[in-house]
Amino acid sequence: MLEKNYNPKEFEEKIYQDWETSGDFKPDMRSDKDAFSIVIPPPNVTGILHMGHALDDTLQDILIRYNRMLGKKVLWQPGTDHAGIATQMVVERNLAKEGISKHDLGREKFIETVWKWKAQSGGTITKQLRRLGASCDWSRERFTMDEGLSRAVRKIFVSLYKDGLIYKAKKLVNWDTKLGTAVSDLEVVQKEANGKMYYYKYPIEGETGEYVHIATTRPETMFGDTAVAISKDNEKLKHLIGKNCIIPIINKVIPIIADEHADPEKGTGAVKITPAHDFNDFEVGKRHNLPLVNILNKDGTLNENTPFNGLNTQEARKKTIEKLTELGLMDKIEDHPMVIPYGDRSGVVIEPLMTDQWFVDAPTLAKEAIRVVEDGEMEFVPKSYEKTYFEWMRNIQPWCISRQLWWGHQMPIWYGPDGHIFCEEDEETAQKAADEFYGKREELTRETDVLDTWFSSGIWAFSTLGWPDKSEYLDTFYPTSVLVTGFDIIFFWVARMMMMSMYKMKQVPFRKCYIHGLVRDEQGRKMSKSKGNTVDPMETIEKYGADALRFFMAAMETQGRDINLSEARIAGYRNFATKLWNAARFGQMNECVMQNGYSADKVELAVNKWIIAKAQEATQEVTQNLNDFRFSDAANAVYQFVWGSFCDWYIEMIKPILYGENEKDKSETRSTFAWVLDRILVILHPFMPFITTELWNNTAQRSVKLIHAPWPKDESIDVEAMNDIDWAVELISNIRSLRAEMNIPAGAKPIVYLKDANAESIKHIEQFNPIICTLARLEKLSAYDGDITPDMVQSVFRESTMLMPLKGVVDFAAEKERLNKELANVNKFLEGYKKKLSNPSFVERAPAAVVAEERRRQSEAEANKAKLEAALERIANF
RNA sequence: GGGUGUGUAGCUCAGGUGGUUAGAGCGCUACGUUGACAUCGUAGAGGUCACAAGUUCGAGUCUUGUCAUACCCACCA
């Protein structure tokens with residue numbers, strides 16, 4: 001017997017362990033059905049599960065479990081990401097607590113420490129995923145830095161390099177002064193700040209008292225200026241073009257040039273050009289062949305090309321202003337709201353800096369990645385994200401992949417003594433290539449830079465399946481079926497996966513890409529540690545169970561919208577689980593098990609036919625909606641069926657049968673109950689795997705585990721579905737015969753019985769029992785003043801189970817009115833269609849498909865009309 | 001500046017291709033909880049679907065505009 005209370009803590013972990021140890025998550029490679037596969041967006045190995053993961057992985061698990069029940073070969077490939085910067089920062093922070101810096105350890109020792117740390121606490125997130133119920137094939141778990149994946153990374157790097165798609169270049173890149181590394185454009189976030197605009201002037205060379213006035217937010221960069229630009233359309237200032245001016249303090253002469261970058265409307269109309277420290281100025285410098293003067297060290301302090309060697313930019317700015325003021329060159333300082341770039345990880349200001357870096361030729365790789373989406377080989381769901389994707393891909397810039405970090409994939413690049421580059425998969429091969437190149441043995445040195453984390457994530461879809469080796473899994477599961485991820489990661493990951501996969505595999509990495517929104521807090525604010533409004537999914541699971549959290553995520557997931565976390569709602573879904581638990585318990589108490597020889601398509605009682613038809617309807621809805629990635633619709637269909645139809649109505653309706661004496665009816669009803677409960681457990685399983693499994697294991701002997709139970713097919717049973725009108729007709733007929741049989745005078749109130757019956761208790765029982773309630777309201781009878789006997793009550797209880805209470809369809813006059821109204825409506829449509837279709841210009845000019853659609857609707861309306869008329873006829877007598 | 005969304009009940013949100021009386025959960029009110037229910041049931045109140053014009057026999061849904069709001073991209077000397 002089931003416990004009295006639903007207590008998820010008691011069985012969730014136990015059930016998960018059984019799945020995992022029994023190998024239930026492994027694909028059934030003998031299945032003759034299609035393959036279905038998902039690669040998990042690898043969480044950061046240092047991370048802990050947050051609500052975003054809970055959403056992302058719940059959706060994936062629903063799809064995985066659903067497809068597994070469809071009998072397909074199903075693989076959910078799990079793994080974690082080494083997350084270069086994030087992980088390095090975590091470990092550095094830990095070391096700092098002991099007063100150690102990474103430089104104290106040296107590169108090798110530091111990396112050792114990271115691995116040690118990973119071994120120690122890297123499993124947290126995968127443990128948490130298990131707690132959520134994620135049915136990943138953990139036996140195949142991968143890590144972006146493990147041996148196989150590292151080999152895949154080297155292989156693809158060499159391939160790209162040899163195809164000329166990876167190159168080294170000295171470019172202006174985003175430089176993180178705290179981490180001491182280059183970062184990609186995507187890793188830079190722009191933040192609003194209250195800055196100041198500094199106005200000052202540069203003396204014109206050879207013309208005492210003449211100046212060119214400049215405005216800048218960063219005066220300290222003036223030592224890197226190599227020109228001042230003015231638009232040639234600037235009537236007021238264009239006379240200065242061609243002259244030279246002098247950078248004060250260092251008294252350096254620079255030219256005044258004409259360039260469109262200088263907008264006459266902005267600032268003073270004259271712009272100082274610092275090509276080595278500003279992306280726009282860099283372009284101007286290129287156009288005019290201006291020299292580059294680097295004024296910053298890699299830690300962001302000013303260097304020897306300035307008078308403030310060693311000072312940071314803030315201090316240098318102060319000094320510069322002081323000096324300019326002394327020289328009488330300052331005009332004014334104004335408040336100026338501005339946007340400043342910060343590193344999204346380090347949180348410090350990003351400086352554009354000239355450095356040697358490695359780049360992937362993204363514009364070339366993007367071409368195929370764009371084509372396959374245009375051609376529909378990969379589809380975004382919702383489709384609108386295509387636009388975002390195209391927009392970004394068509395304007396993509398070379399991708400800076402080198403990072404000056406220690407933790408990550410060291411680039412497979414070796415330099416000869418003369419700087420010649422050898423790019424090979426390992427040192428031995430590189431040495432061989434060098435031997436051949438030089439004709440003698442030369443010492444090689446390896447490039448110290450490591451790769452951007454997203455480089456290895458970019459090949460995740462096939463590297464985890466075994467590439468570059470031949471493997472059954474790669475053949476079977478690539479391309480993967482669908483990628484499920486958040487919109488914030490489209491550029492970082494989806495786009496890169498598309499490019500890398502198209503380059504190497506010549507096939508899309510996934511056929512569909514389902515994009516979901518963010519999980520926000522109760523008020524719709526973004527969750528963040530700094531705001532302190534994060535909710536730990538593990539605490540939620542502890543409190544309400546994993547099933548409740550999962551169902552919440554599914555029920556709230558509507559395409560293209562963020563989800564606001566709501567504890568009340570999660571509690572509501574916990575109540576839903578409780579409800580189901582108790583329904584199952586009710587079944588147990590009434591010995592509702594499948595009888596031998598029971599067949600759902602042979603039931604006779606209306607109430608059983610009805611619930612079976614309803615169950616089929618719900619199954620269809622769930623199936624269709626899951627196929628369409630409409631998670632909330634799928635979840636709500638089960639919810640409505642279980643609570644609204646099964647618990648609220650069916651269970652109430654069958655009580656009299658189960659408590660009565662008609663053994664045949666009892667037997668059929670018990671079996672039907674068991675059948676419907678089974679159906680519920682199956683279609684609910686993808687959403688709530690734990691409670692469904694617990695009930696499955698406890699309600700009868702099973703030959704198959706629920707996780708592998710076959711998903712029901714629509715055509716498996718054939719019950720005669722009854723529509724509302726049919727129910728109403730049958731209901732009222734039964735009441736009439738009942739009334740006649742029991743000799744109840746017309747106008748009498750239907751029978752109620754209580755030990756101490758009185759007017760109040762009659763009212764109560766109306767509310768308690770939907771059957772009685774319906775009877776009462778249906779006939780709108782006045783008070784029954786005859787005797788009420790226990791027999792009469794029994795009789796009504798027993799017989800009335802043949803009836804169907806219907807919410808809403810209780811008043812036949814109203815029903816008639818409704819039908820007539822609808823009929824009038826249909827007639828109106830028909831008139832409209834007739835009018836449209838008899839209009840020659842519409843029929844002749846409109847596209848054939850449109851006309852056909854209109855005709856189809858017309859005939860649909862005609863069929864509807866016939867149906868309504870038939871229904872009206874049927875209730876005409878009531 | 002460019003782009004993409006969103007605006008529906010007190011709150012949070014559903015409302016494929018226009019078509020009955022616009023729905024759910026929570027909250028609220030009333031009544032009841034005796035037989036699955038750490039609760040549940042029944043009933044109810046609550047909406048000019050942001051605003052305006054248009055297309056249509058018919059608009060929450062389509063078109064245009066306005067207002068509000070969120071996010072993304074670029075830029076701001």
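In what follows, chains are A, B, ... by sequence order, proteins preceding strands, each numbered from 1.
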* Structure fact -> Re B:U17: Watson-Crick or G-U wobble partner, both distances kept under 3.5 Å, found to be none

* **Side-chain donor/acceptor of A:Asn636 to base of B:A24, under 3.5 Å** => no

* Pair assignment for B:U55, Watson-Crick or G-U wobble, requiring both distances under 3.5 Å -> none

* In whole angstroms, how far is the P atom of B:C75 from the NE2 atom of A:His336? -> 14 Å

* Whom does B:A43 pair with, Watson-Crick or G-U wobble, provided both distances fall under 3.5 Å? -> B:U29

* Asked: Do A:Tyr639 and A:Tyr573 have ring centres separated by under 6.0 Å?
  -> yes

* Looking at B:U6, does its base get a donor-acceptor pair with the side chain of A:Arg561 below 3.5 Å? -> no

* **A:Arg569 CZ to B:C13 C1', straight-line distance once rounded to whole Å** => 6 Å

* Structure fact -> Looking only at B:C40, B:A36, B:C76, the nucleotide nearest the A:Trp643 side chain is B:C40

* Could you tell me whether the side chains of A:Glu187 and A:Ser184 share a donor-acceptor contact shorter than 3.5 Å? => yes

* Asked: Just by distance, with hydrogens left out, do A:Thr268 and A:Lys201 show a side-chain donor and acceptor under 3.5 Å apart?
  -> no

* A:Phe551 and A:Phe576 aromatic ring geometry - parallel, tilted or perpendicular at 30°/60° bounds -> tilted

* Asked: If you measure only the distance, is there a donor-acceptor pair under 3.5 Å linking the side chains of A:Asn280 and A:His261?
  -> no

* Pairing nucleotide - B:U69, Watson-Crick or G-U, each distance under 3.5 Å -> B:G5

* A:Arg630 side chain, from C-beta outward: closest of B:G5, B:G16, B:U12 -> B:G16

* Whole angstrom is fine here: how far is it from CZ in A:Arg574 over to P in B:A38? => 10 Å

* Structure fact -> Across every strand shown, the nucleotide meeting Watson-Crick or G-U wobble geometry with B:C76 (both distances under 3.5 Å) is none

* Asked: A:Phe487 or A:Glu391: which one's nearest nucleotide on RNA chain B is closer to the 5' end?
  -> A:Glu391

* Asked: Rounding to the closest angstrom, what is the interatomic distance between B:U42 and B:G10 at atom C1'?
  -> 23 Å

* Asked: What interatomic distance, in whole Å, is found between P of B:G23 and the corresponding atom of B:A38?
  -> 32 Å

* Structure fact -> A:Gln523 atom CD is separated from B:C11 atom P, nearest whole Å, by 13 Å

* Structure fact -> Of B:C75, B:A36, B:C13, the nucleotide closest to the side chain of A:Val339 is B:C75

* **Of the listed nucleotides B:C72, B:A14, B:C26, the one nearest the side chain of A:Ala568** => B:C26

* Asked: Across all strands shown, which nucleotide pairs with B:A22 by Watson-Crick or G-U wobble geometry, both distances under 3.5 Å?
  -> none

* Structure fact -> Testing B:U12, B:A70, B:G15 for proximity to the side chain of A:Arg520, the answer is B:A70

* Choosing from B:A24, B:A38, B:C75, which nucleotide comes nearest the side chain of A:Lys4? -> B:A38

* Asked: If we take the C1' atom in both B:G58 and B:U20, what is their distance in whole Å?
  -> 12 Å

* What integer number of Å spans the P atoms of B:A53 and B:U61? -> 14 Å

* Side chain of A:Phe491: nearest nucleotide among B:C73, B:A38, B:C13? -> B:C73

* Report the base-pairing partner of B:G35 (Watson-Crick or G-U wobble, both distances below 3.5 angstrom), or none. => none

* To do: Classify the ring geometry between A:Phe646 and A:Tyr650 as parallel (under 30°), tilted (30 to 60°) or perpendicular (over 60°).
  => parallel

* To do: Take atom P in B:A14 and the same atom in B:A9, then report the distance between them in whole Å.
  => 12 Å

* To do: In whole angstrom, give me the gap between the P atoms of B:A45 and B:A22.
  => 13 Å

* Between B:G3 and B:U48 - C1' atom distance, rounded Å -> 33 Å

* To do: Write down the distance between CG (A:Asp562) and C1' (B:C72), rounded to a whole number of angstrom.
  => 12 Å

